[in-house]
Amino acid sequence: TKASSLPARKRSSRPAMARESRLSVFTLRQRSSSFCGHITTTSTPNIEFVRELGADEVVDYTCVNAEDVVHDVDMVYDCVGGDVMERSWQTLKKGGTLISAVGFPSEETARQHEVRAARVMLPHDLSAILRQVTELIEAGKLQPHIRKVFALEEAAQAHALCETHHGRGRIVLHIGE
């Protein structure tokens, strides 16, 4: 069944929302304990998957616009950008934060909504972070969901799959042994 709106139960007092199903599996599993809940948007085929990952509430964006049913969240983590990011402003409570992984949120729009805006940038210590993630995966504490592994010679097919902007899991380009 399609989740056309949020469950009838009372929402947590400090939820965070991730826009669209391209949110990182790691983001959902390792979400900050400072938030009381996690709302995510996804398409119908991925509803149970994101619930299994730990989403407290799920909005099926093929049935309803999240901004029509989600209000007063502390943070939006946008993984889509464009129109989706622009519609996300209205879901935030005053003082909330919109963080975009793919776009450049407008400081002027943030001021108009009395919220903050930020963009995810690559950290200077990315290699150290990736080593930590690798250690967590190897220790079984973090389990990535792999959609498909491509050989280096299949880079064009991997890129084409990535450009569909749909699907679940990471696309891996295997470089060598």
Side-chain angles (χ1 to χ4, degrees), residues 1-122 142-148 161-171:
T1 59
K2 291 186 177 185
S4 60
S5 66
L6 295 174
R9 70 181 176 85
K10 183 180 175 187
R11 279 203 292 271
S12 303
S13 61
R14 295 185 61 214
M17 181 176 76
R19 291 300 304 254
E20 309 305 326
S21 61
R22 282 180 262 165
L23 78 153
S24 168
V25 170
F26 300 132
T27 301
L28 210 59
R29 288 200 174 147
Q30 301 294 342
R31 68 179 186 230
S32 170
S33 61
S34 64
F35 291 102
C36 295
H38 184 276
I39 304 166
T40 191
T41 60
T42 192
S43 61
T44 306
N46 294 312
I47 291 172
E48 287 309 312
F49 177 68
V50 297
R51 282 190 177 136
E52 289 171 10
L53 292 175
D56 298 304
E57 301 177 29
V58 179
V59 176
D60 183 341
Y61 66 77
T62 66
C63 298
V64 65
N65 290 324
E67 62 273 13
D68 293 339
V69 294
V70 176
H71 306 285
D72 298 321
V73 296
D74 290 303
M75 183 189 77
V76 171
Y77 184 74
D78 170 56
C79 299
V80 178
D83 185 51
V84 171
M85 181 179 69
E86 293 306 316
R87 293 184 324 221
S88 296
W89 296 106
Q90 59 193 300
T91 66
L92 289 163
K93 71 178 187 180
K94 286 186 183 357
T97 305
L98 187 144
I99 302 170
S100 180
V102 294
F104 293 90
S106 161
E107 288 295 328
E108 176 59 31
T109 304
R111 278 191 293 280
Q112 290 170 3
H113 288 274
E114 299 179 52
V115 299
R116 295 176 302 237
R119 180 167 185 341
V120 175
M121 303 297 282
L122 287 178
L142 193 60
Q143 183 177 0
H145 183 81
I146 307 297
R147 181 175 181 189
K148 186 161 183 179
L161 182 58
C162 182
E163 287 297 311
T164 66
H165 300 291
H166 291 284
R168 148 187 339 160
R170 304 296 90 197
I171 299 167

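Heads up: numbering here begins at 1 and tracks the sequence. What you see below is based on every heavy atom in this structure, not just the backbone, and it leaves out hydrogens, waters and symmetry mates.
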What distance do [X] atom [atom1] and [Y] atom [atom2] have between them, rounded to the nearest 0.5 Å?
X      : Y      : atom1 : atom2 : answer
Asn65  : Thr91  : CG    : OG1   : 12.0 Å
Cys162 : Lys148 : SG    : NZ    : 14.0 Å
Thr42  : Asp60  : OG1   : CG    : 7.5 Å

Heavy-atom side-chain contact between [X] and [Y] under 4.5 Å:
X     : Y      : value
Lys93 : Asp74  : yes
Leu92 : Leu98  : yes
Trp89 : Gln112 : no

Over all atoms of both residues, closest heavy-atom pair of [X] and [Y]:
X      : Y      : answer
Asp56  : His38  : OD2-N, 2.7 Å
Thr62  : Ser43  : CG2-CB, 4.0 Å
Val59  : Ala66  : CG1-CA, 4.1 Å
Ser106 : Ala117 : O-CB, 4.4 Å
Ala55  : Thr40  : CB-CG2, 3.6 Å
Gly81  : Val102 : N-CG2, 3.3 Å

ask   = Arg119: what forms a side-chain hydrogen bond (donor to acceptor under 3.5 Å, both in side chains) with it, not counting sequence neighbours?
value =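 side-chain hydrogen bond (donor to acceptor under 3.5 Å, both in side chains) list for Arg119, sorted by chain: empty.
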message = Suppose we screen for side-chain contact (heavy atoms from CB on, under 4.5 Å). Which residues come up paired with Gln90, at least two apart in sequence or across chains?
response =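 side-chain contact (heavy atoms from CB on, under 4.5 Å) list for Gln90, sorted by chain: Glu67, Arg87.
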request  = Applying side-chain contact (heavy atoms from CB on, under 4.5 Å), name anything that partners Ala101, two or more places apart in sequence or on another chain.
outcome  =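 Ala101 satisfies side-chain contact (heavy atoms from CB on, under 4.5 Å) with Tyr77, Val120 only.
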ask   = What residues form a salt bridge (Lys or Arg N to Asp or Glu O under 4.0 Å) with Glu48, not counting sequence neighbours?
value =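 Salt bridge (Lys or Arg N to Asp or Glu O under 4.0 Å) list for Glu48, sorted by chain: Arg51.
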With sequence neighbours excluded, residues passing salt bridge (Lys or Arg N to Asp or Glu O under 4.0 Å) with Glu108 =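 Counting only residues at least two positions away or on another chain, Glu108 forms a salt bridge (Lys or Arg N to Asp or Glu O under 4.0 Å) with Arg111.
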Check against side chain to side chain contact (heavy atoms under 4.5 Å, CB included), Leu161 and Arg147 = CA-CA 10 Å; Leu161 182 58; Arg147 181 175 181 189; 3.1 Å; yes
